[in-house]
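Computed from a predicted structure; not experimentally measured.
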Amino acid sequence: MVTCVNDAMFPGTGQAVVRLLRRLGVEVDFPQAQTCCGQPMVNTGYLDEAVPAVRAFTRAFEGYDAIVTPSGSCAGSARHQHQIVAKRSGDVGLVAAVAETSPRTYELTEFLVDVLGVTDVGAYFPHSVTYHPTCHSLRMLGVADRPTRLLQAVRGLRLVDLPKAEECCGFGGTFALKNSDTSVAMGTDKARHVRSTDAEVLVAGDNSCLMHIGGMLGRGRAGVRVMHLAEILAATEDQPAEVAR
């Protein structure tokens, strides 16, 4: 599941996931029928309007062993919000379909560590990196140290601790639109902590958060690149990831 944000704005992340999983021996398919997971509607209170998106999700991913996505936010929606939407709809068929797809949906690091049982994916990334744990991956999914374990196994990578890492970046999807002043203040704090690490690259598991923090860093001319975790894990000496300031 590539997610809307990645499909529209960061296609390289989806391509990196495919390269990475295939390198690890996984048979990867990309259902063309996939659309939005429905999270924007749910988070804004439009649960009834989310029903078509949830129904489309269950149909697109029916029958797969695992549904893997490079987003803690969208994985959290599929695992938790879809059940709420389906139950509210009163459609017993949708409830049953969600019961099949929901537990088989994994955020990328969960799939790598828990399902494939690997932390060393053969990646090479000779740069200093600091990691931001996104809210939904941290609090809704509980990915814990899976991302950092994967990063620590990357050859050439130097992982730098991010001060107050567990504080929200302030994006929060529609929150950034409804509460823009608060969102900017939170993002400014996060960008300041990132700059204090002197890391070359800020990495996270959600491009939506990286887009928000990256905007702050860019406007402040911080010289820090933001990259999705998948792009780093997909990088090798033969296929290096481009890091441009």
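- By the 6.0 Å contact criterion, CD on Glu49 is enclosed, its count of non-hydrogen atoms from other residues, nucleotides or ligands being greater than 12.
- Across all non-hydrogen atoms, the minimal contact from Leu159 to Gln152 is CD2-CG, 3.9 Å.
- Side-chain contact check for Asn43 and Gln81: at least one donor-acceptor pair (N or O, by modelled atom type) lies under 3.5 Å.
- Residues Tyr106 and Val26 share a hydrophobic cluster, clusters being chains of Ile/Leu/Val/Met/Phe/Trp/Tyr side chains in contact below 4.5 Å.
- Although no hydrogens or angles enter the test, the distance criterion places no donor-acceptor pair under 3.5 Å between the side chain of Ser183 and the main chain of Asn179.
- Atom CZ of Arg19 is surrounded by more than 12 heavy atoms from other residues, nucleotides or ligands within 6.0 Å.
- The OG1 atom of Thr13 sits 5.0 Å away from atom CG of Asn6, with the distance rounded to the nearest 0.5 Å.
- In Asp29, the CG atom is crowded: over 12 heavy atoms of neighbouring residues, nucleotides or ligands sit closer than 6.0 Å.
- Ion pairing between Arg139 and Glu166 fails under the 4.0 Å rule for side-chain N and carboxylate O.
- Within the 3.5 Å criterion, the main-chain N or O of Glu167 finds a donor-acceptor partner in the side chain of Lys190.
- Proximity of Tyr64 to Pro31: side-chain heavy atoms (C-beta onward) are separated by under 4.5 Å at one or more points.
- Residues passing the side-chain hydrogen bond (donor to acceptor under 3.5 Å, both in side chains) test with His136 are Gln39, Ser73, sequence neighbours excluded.
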Could you check Cys169 against Met186 for side chain to side chain contact (heavy atoms under 4.5 Å, CB included), going step by step and ending with a plain yes or no?
-> CA-CA 6 Å; Cys169 74; Met186 295 169 72; over 6 Å; no
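- Contact record, Ser89 with Leu94: OG-CD2, 3.8 Å, taken as the closest heavy-atom pair.
- Under the 6.0 Å cut-off for aromatic ring centres, His82 and Phe57 qualify, their centroids lying closer than that.
- Across Ala86 and Val95, no two heavy atoms sit closer than the pair O-CG2, 3.5 Å.
- The cluster map of Ile, Leu, Val, Met, Phe, Trp and Tyr, joined by side-chain heavy atoms under 4.5 Å apart, puts Leu233 and Leu157 in the same cluster.
- Hydrophobic clustering, defined by side-chain heavy atoms of Ile, Leu, Val, Met, Phe, Trp and Tyr closer than 4.5 Å, groups Val2 together with Phe30.
- In this structure Arg104 satisfies the side-chain hydrogen bond (donor to acceptor under 3.5 Å, both in side chains) test with no other residue, sequence neighbours excluded.
- Taking the six-membered ring where the residue is Trp, His212 and Phe171 present tilted rings, their angle falling between 30° and 60°.
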